[in-house]
Amino acid sequence: MTFGWTQHEGHAIALPAHNVDTDQLIPSRFMSTPRDEGYGKFLLHDLRRDADGNEHKHFPLNRFRNASILVTGRNFGSGSSREAAVYALVDAGIRAVLAPSFGDIFSSNAINNGMLPAQISPEDHITLLSLLDDTSMLAQICLEKNHISIGDCSIAFELDPTWRTKLINGWDDIDLTMQHGEDIKNHKKNLEQSAPWALPAANRQRS
Amino acid sequence: MTSGRTLLDKLWAAHEIVLRDDGASLLWVDRHLVHEGSHHAFGKLADREIAVAEPDLTFAVVDHYAPTRHRERISNPQIRYMIETLRKNASKHHLKLFDLDDPRQGIVHVVGPEQGLTLPGLLINCGDSHTSTHGAFGALAFGIGATEVAHVLATQTIWQKKPAVMRIWIDGQLGPGVSAKDIALNWIAALGADGARGHAIEYGGSAIRNLTMEGRMTLCNLSIEGGARFGLIAPDRTTFDYLKGRPFAPTGSQWEAAVEAWTGLRTDDDARFDQEVRLNGSDIAPTVTWGTSPEQAIPVTAAIPDPKLLVNGKARSVEDALEYMKLPAGRPIEGTPIDQVFVGSCTNGRIEDLRVAAAVLAGRKAKVPGLVSPGSAQVKTQAEQEGLDKVFIDAGLEWASPGCSMCVGMNGDLVQPGKRCASSTNRNFRGRQGPGSLTHLMSPAMVAAAAVTGEITDVRPLLKGRLA
């Protein structure tokens with residue numbers, strides 16, 4: 001269950017790498033953890049720490065612990081569909097990620113957890129990286145205007161309008177879909193008539 | 001003037017229940033495949049006290065955490081817990097479960113097609129990004145996250161916006177020792193790991209038509225590594241021959257009706273694509289990755305990139321990747337010593353993959369240790385009937401039980417820190433095969449060649465006179 005939002009103010013930091021995949025966002029060995037134990041401590045675990053578990057002091061997330069906005073490289077969240085990658089970000093307090101591109105499945109997962117995957121131009125990406133070089137800055141995000149301000153810098157981001165509406169309203173898809181119950185039933189009935197081959201042939205033979 | 005419809009258009013229209021004003025479609029899901037990793041989604045259902053809407057269309061498989069050795073008693077409590085949780089959820093919701101001792105158990109993307117659960121024209125979802133594999137049959141198949149899995153469990157539908165379509169057209173004949181894996185690594189290296197983001201890919205051309213179903217599955221499987229959530233290949237005689245007689249496939253008059261319907265599942269001649277890419281199959285060499293993204297791939301005959309020769313943002317990524325991979329810039333990739341090999345995964349764990357690896361290894365010894373994990377129990381049985389297990393064992397490799405195994409490192413099969421693995425898997429991400437692991441992706445034939453020489457090696461000379 002998520003809550004809708006339209007504006008957010010928080011500290012932005014830069015994580016310049018490209019292709020930060022979901023295996024890096026949360027290594028697979030942590031994924032059997034029950035959700036209510038919190039996933040924040042797993043975020044980018046192996047990049048933030050050495051093999052003995054000691055934190056790298058220079059790593060941006062270790063230096064700026066109150067950050068809620070990440071500016072990062074292209075293809076962020078690529079790879080595995082693990083929603084745990086978004087849990088790790090959200091549980092660590094991240095509300096928005098700004099990048100030139102995102103993995104498609106990651107973006108869906110982000111929206112489903114109330115987190116903004118804001119697509120920015122490669123030029124704005126470079127501007128923000130130099131602005132946030134070695135520092136953190138206060139930033140304001142406005143979902144209604146698709147807009148973010150950091151210091152004197154003001155940039156627009158791209159977001160699918162459907163996703164924007166969903167973030168603003170905090171919609172739950174299951175509730176929305178249940179309203180189409182009749183349509184779904186009819187579709188199934190139709191399918192059984194017109195394409196019975198589409199049903200698994202051996203589905204009644206339970207072992 | 002209206003243009004013709006693409007394969008995606010046809011599949012989409014057949015599954016669309018509602019089209020919302022904002023362009024989002026509510027789609028009917030014909031098959032939903034779940035595994036141990038789906039525990040978050042079942043948890044969401046439990047929180048809301050919702051039952052699975054269509055248990056007969058939902059199938060559960062133990063794969064991600066499946067032990068490949070000594071599975072009769074699982075000592076790791078975490079792994080036992082994950083498998084037990086799936087058993088409980090499958091039992092509670094009356095789902096058919098392919099459990100560890102089931103002769104049909106295996107990796108979900110190997111089992112689905114093998115059992116005939118995967119058919120042309122179906123919409124297939126699974127909480128796993130490599131669900132794109134099933135598109136090889138002309139199915140609309142895509143990976144989803146836990147919230148979406150819960151939604152499919154609760155409603156048997158999914159909200160989705162129709163993606164753009166990129167057609168990748170490949171003519172020309174693949175050379176000996178060159179496979180679907182090499183085609184995939186080639187286009188991903190050319191377009192980038194996000195090159196097909198926002199798109200469904202339809203593969204076509206003579207090189208694709210000539211691929212077996214195993215090869216087509218490998219190619220569609222890797223679509224996600226180039227950013228595409230969907231891979232598609234129009235079904236044809238090869239597809240129908242593969243499916244006929246599979247346990248869950250239609251029979252009798254329903255089979256006839258199905259084949260008639262499936263025959264129309266192709267892009268119209270006058271349809272338009274949002275993007276078109278052409279490659280020539282005869283230009284493709286055996287390909288390996290050198291870095292930490294699947295886009296960082298080169299022909300085995302090429303040199304590792306030198307960041308000093310690169311401009312703009314590229315140099316930094318290359319430097320970072322080479323530092324992690326402990327590789328010198330500019331040196332030929334061939335001859336790079338490896339510590340171990342792995343053959344398996346939903347990408348390359350099928351019978352044809354094991355056959356070609358065995359063709360390279362027959363009568364030879366591996367210079368490094370390695371693990372061979374078949375993609376399913378059926379693949380394992382068939383390989384043993386063909387004597388392939390003996391070839392691997394005689395070469396010095398370990399022959400194990402099926403599962404995701406060393407591709408994802410959840411079941412305890414790990415590459416140790418700093419060790420270099422020649423791997424038939426799909427992701428060379430940092431730490432994917434275990435913290436600090438160094439992965440080189442390549443075809444199963446190339447993995448076998450690396451085993452024989454102990455270093456990254458062009459498989460072609462080793463295959464001479466050995467291909468049927």
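Just so we're on the same page: letters track the sequence lines, and every chain starts at 1.
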Open item on the list: For Arg427(B) versus Gly79(A), what's the shortest heavy-atom pair and its separation?
Closed with: NH2-C, 3.1 Å

Task: Under 4.5 Å from any heavy atom of chain A - which part of Ala14(B) - done: backbone

Task: Segment of Arg246(B) engaging chain A (4.5 angstrom heavy-atom cut-off) - done: neither

TODO: Please report the shortest heavy-atom distance between Arg31(B) and Leu199(A), naming the atom on each side.
DONE: NH2-C, 3.7 Å

TODO: Check each atom of Asn113(A) against the heavy atoms of chain B and say whether the ones under 4.5 Å are side chain, backbone, both or neither.
DONE: side chain

Open item on the list: What verdict does the side chain to side chain contact (heavy atoms under 4.5 Å, CB included) test give for Ser317(B) and Arg74(A), after you've listed the backbone C-alpha separation in whole Å, the side-chain angles of each residue and the deciding distance to 0.1 Å?
Closed with: CA-CA 11 Å; Ser317(B) 298; Arg74(A) 74 172 176 89; over 6 Å; no

TODO: Calculate, to the nearest 0.5 Å, the distance between atoms OG and OH belonging to Ser32(A) and Tyr65(B) respectively.
DONE: 5.0 Å

Open item on the list: Quick check for you: among Gly431(B), Ala193(B), Ala154(B), which has the greatest number of heavy-atom pairs under 4.5 Å with chain A?
Closed with: Ala193(B)

Open item on the list: Taking the side chain as everything from C-beta on, heavy atoms only, tell me whether His187(A) gets closer than 4.5 Å to Thr157(B).
Closed with: no

TODO: Determine, for Arg430(B) against Asp46(A), whether the closest basic-nitrogen to carboxylate-oxygen distance falls under 4.0 angstrom.
DONE: no

Task: Minimum side-chain heavy-atom gap Phe429(B)-Ser80(A) below 4.5 Å - done: no

TODO: For the residue pair Trp159(B) and His180(A), categorise the inter-ring angle as parallel (less than 30°), tilted (30 to 60°) or perpendicular (more than 60°).
DONE: perpendicular

Task: Distance (rounded to the nearest 0.5 Å) between His39(B) NE2 and Arg35(A) CZ - done: 11.0 Å

TODO: Mark yes or no for whether Asp104(A), through its side chain, and Arg197(B), through its backbone, hold a donor-acceptor pair below 3.5 Å.
DONE: no

Task: Thr165(A) portion near chain B, given a 4.5 angstrom heavy-atom threshold - done: neither

Run the side-chain donor-acceptor check on residues 122-130 of chain A: report pairs under 3.5 Å with partners two or more places apart or on a different chain.
unit_1: Glu123(A); atom_1: OE1; unit_2: Ser121(A); atom_2: OG; d: 3.4
unit_1: Asp124(A); atom_1: OD2; unit_2: Ser121(A); atom_2: OG; d: 3.3
unit_1: His125(A); atom_1: NE2; unit_2: Thr72(A); atom_2: O; d: 3.0
unit_1: Thr127(A); atom_1: OG1; unit_2: Glu123(A); atom_2: O; d: 2.9
unit_1: Ser130(A); atom_1: OG; unit_2: Ile126(A); atom_2: O; d: 3.4
unit_1: Ser130(A); atom_1: OG; unit_2: Thr127(A); atom_2: O; d: 2.8

TODO: Would you check if the distance from the ring center of Trp262(B) to the ring center of Trp197(A) is below 6.0 Å?
DONE: yes

Open item on the list: Looking at every non-hydrogen atom in both residues, tell me the closest pair between Ser129(B) and Ser81(A) and how far apart they are.
Closed with: N-OG, 3.4 Å

Open item on the list: For the interface with chain A, which of Ile224(B), Leu26(B), Asp30(B), Leu119(B) has the highest count of heavy-atom pairs at distances below 4.5 Å?
Closed with: Leu26(B)

Task: Other residues, nucleotides, ligands: >12 heavy atoms within 6.0 Å of Lys161(B) NZ - done: yes

- [ ] Determine the minimum heavy-atom distance between Gly143(B) and Ile105(A), stating which atoms define it.
- [x] O-CD1, 3.6 Å

Open item on the list: Need one label for Leu414(B): side chain, backbone, both or neither, based on atoms under 4.5 Å from any heavy atom in chain A.
Closed with: neither

Open item on the list: Shorter than 4.5 Å, heavy atoms on both sides: which option in Gln160(B), Arg432(B), Met82(B) has the most such pairs with chain A?
Closed with: Arg432(B)

TODO: For residues Glu54(B) and Lys188(A), report the shortest heavy-atom separation together with the two atoms involved.
DONE: OE1-NZ, 3.0 Å

Open item on the list: Please check this pair: side chain of Ser28(A) against backbone of Val408(B), looking for a donor-acceptor N/O pair closer than 3.5 Å.
Closed with: yes

Task: Per-residue contact mode, Asn19(A) against chain B (heavy atom under 4.5 angstrom) - done: side chain

- [ ] Would you mind checking which part of Ala17(A) comes under 4.5 Å of any heavy atom in chain B, side chain (CB onward), backbone (N, CA, C, O), both or neither?
- [x] neither

Open item on the list: For Tyr81(B), which atoms come within 4.5 Å of any heavy atom of chain A: side chain, backbone, both, or neither?
Closed with: side chain

Task: Under 4.5 Å from a heavy atom of chain A, the part of His15(B) involved - done: backbone

Open item on the list: I'd like to know if the side chain of Glu83(A) and the backbone of Thr147(B) have a donor-acceptor N/O pair within less than 3.5 Å.
Closed with: yes

TODO: Pick one of side chain, backbone, both or neither for Tyr87(A), based on which atoms fall under 4.5 Å of a heavy atom in chain B.
DONE: side chain

- [ ] Name the region of Ala261(B), side chain, backbone, both or neither, that has any atom closer than 4.5 Å to a heavy atom of chain A.
- [x] side chain

Task: Pairwise distance OG1(Thr162(A)) to CG(Asp22(B)) - rounded to 0.5 angstrom - done: 3.5 Å

Open item on the list: Can you give me the closest heavy-atom contact between Ser101(A) and Asp194(B), atom names plus distance?
Closed with: OG-OD2, 2.9 Å

Open item on the list: Need one label for Pro120(B): side chain, backbone, both or neither, based on atoms under 4.5 Å from any heavy atom in chain A.
Closed with: backbone

Open item on the list: Could you tell me if Asn75(A) and Glu295(B) have a donor-acceptor pair between their side chains, going purely by distance under 3.5 Å?
Closed with: no

Open item on the list: Against His151(B), only a single residue in Asp173(A), Asp172(A), Thr177(A), Asn112(A) fulfils side chain to side chain donor-acceptor pair (under 3.5 Å); can you say which?
Closed with: Thr177(A)

Open item on the list: Just so I know, are the side chains of Pro200(A) and Lys96(B) near enough to count as touching, which here means a heavy-atom distance under 4.5 Å?
Closed with: no

Open item on the list: What part of Asn186(A) gets within 4.5 angstrom of chain B, counting heavy atoms only: side chain, backbone, both, or neither?
Closed with: neither

Open item on the list: Can you tell me how far apart CD (Glu16(B)) and CG (Asp183(A)) are? Round to the nearest 0.5 Å.
Closed with: 11.5 Å

Open item on the list: Any non-hydrogen side-chain atom of Arg48(B) less than 4.5 Å from a side-chain atom of Ile174(A)?
Closed with: yes

Open item on the list: Please classify the contact of Pro27(A) with chain B as side chain, backbone, both or neither, using a heavy-atom distance under 4.5 Å.
Closed with: neither

Task: chain B interface, residue from Thr22(A), Leu176(A), Leu47(A), Asp160(A) that has the most non-hydrogen pairs under 4.5 Å - done: Asp160(A)

TODO: Can you establish whether the number of heavy atoms outside Lys244(B) located under 6.0 Å from its atom NZ is more than 12?
DONE: no

